[in-house]
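See structure below.
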Amino acid sequence: MLLENMSYVEVEAYLVEKDIILIPIGSVEQHSPYGLLGTDFITAEAIAREVGKRMNILVAPTITYGMSQHHAGFKGTVTLSPLTLVSLVKDIVNSLIQQGFRRIVFINGHGGNINSVKIAFEQLKYENKHGIFEIISWFLLPEIQEMEKDIFEDKNGLHATPSEVSITKFLRSEAFETKPKEKKKVEKPNGYFPLSKEEFKKLYPDGRIESAPWLAKEKYGKLILEEAVRVIMERIKEISKKKIL
Ligand code: NI
């Protein structure tokens, strides 16, 4: 159920039955030497598309770029400013609600996006736009965090996590042939957020945040992806039951 593969006639027919659409959102940012620059959008897209397939729900094209200013000191990172992301999300949601979509659910793979997406939602409500606007960050789901603790104990960390790296390894194993395998120390500096790109590099010189991405395995990725899909399907069922005011 990909929006990009439909005609407007098919979208008209969909809107007679349903008013929900999923929008995957991620980032293009460093994920340490072990992980892919596309990690956050690759994970969010795979989860959203699987949920869409199983529930017959439309999935919009992925917003690949996100708010990654703190990672911009590392090569390959491409960031939007926080306010650009607010505008981008606002314009996309506005387009969809003008056409009759009323439940607009962002499936998010990157923590840095959350504040901007929520400000966009608040601004849309300030402008009196009707509908349910939600962001579900798969990595913040309690069920996922419990699973990560079972598998990786205290080494999942907060960025370039073995959890997200496992999912991308499961989806794109060939991209890992050139990535390092050796273990490093897992440091836990007493940091703070937000951080500028210079501050980030001082605190986390190889890009990891308290994580051991070398623990990533395809089989874990398959498990975590399946659990994220299962839990998000439950959330979507709840959102679908709500009355639009
Ligand atoms: Ni990530």
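The analysis underlying the following values was restricted to heavy atoms, covering all of them including side chains, and did not include hydrogens, waters or symmetry mates. In each ligand, atom 1 is the first atom listed, and ligand 1 is the first ligand listed.
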Listed as residue and atom, the protein N/O/S atoms under 2.8 Å from the Ni ion (ligand 1) are His31 NE2, Asp40 OD1, Glu164 OE1
Once the angle between the rings of Phe121 and Phe133 is folded into 0 to 90°, is it parallel (under 30°), tilted (30 to 60°) or perpendicular (over 60°)?
tilted
message = Evaluate Glu29 against Thr77 for side chain to side chain donor-acceptor pair (under 3.5 Å), listing each step before the verdict.
response = CA-CA 4 Å; Glu29 70 181 28; Thr77 298; over 6 Å; no
If you group Ile, Leu, Val, Met, Phe, Trp and Tyr by side-chain heavy-atom gaps below 4.5 Å, do Ile232 and Leu2 land in one group? yes
Tracing side-chain contacts under 4.5 Å among Ile, Leu, Val, Met, Phe, Trp and Tyr outward from Leu83 reaches none
### Message
Under a 3.5 Å cutoff, is there a donor and acceptor pairing between the side chains of Asn94 and Lys129?
### Response
yes
**Message:** Looking at Tyr34, I'd like to know if the NZ or CZ of Lys179 sits under 6.0 Å from its six-membered ring centre while staying within 45 degrees of the ring's axis.
**Reply:** no
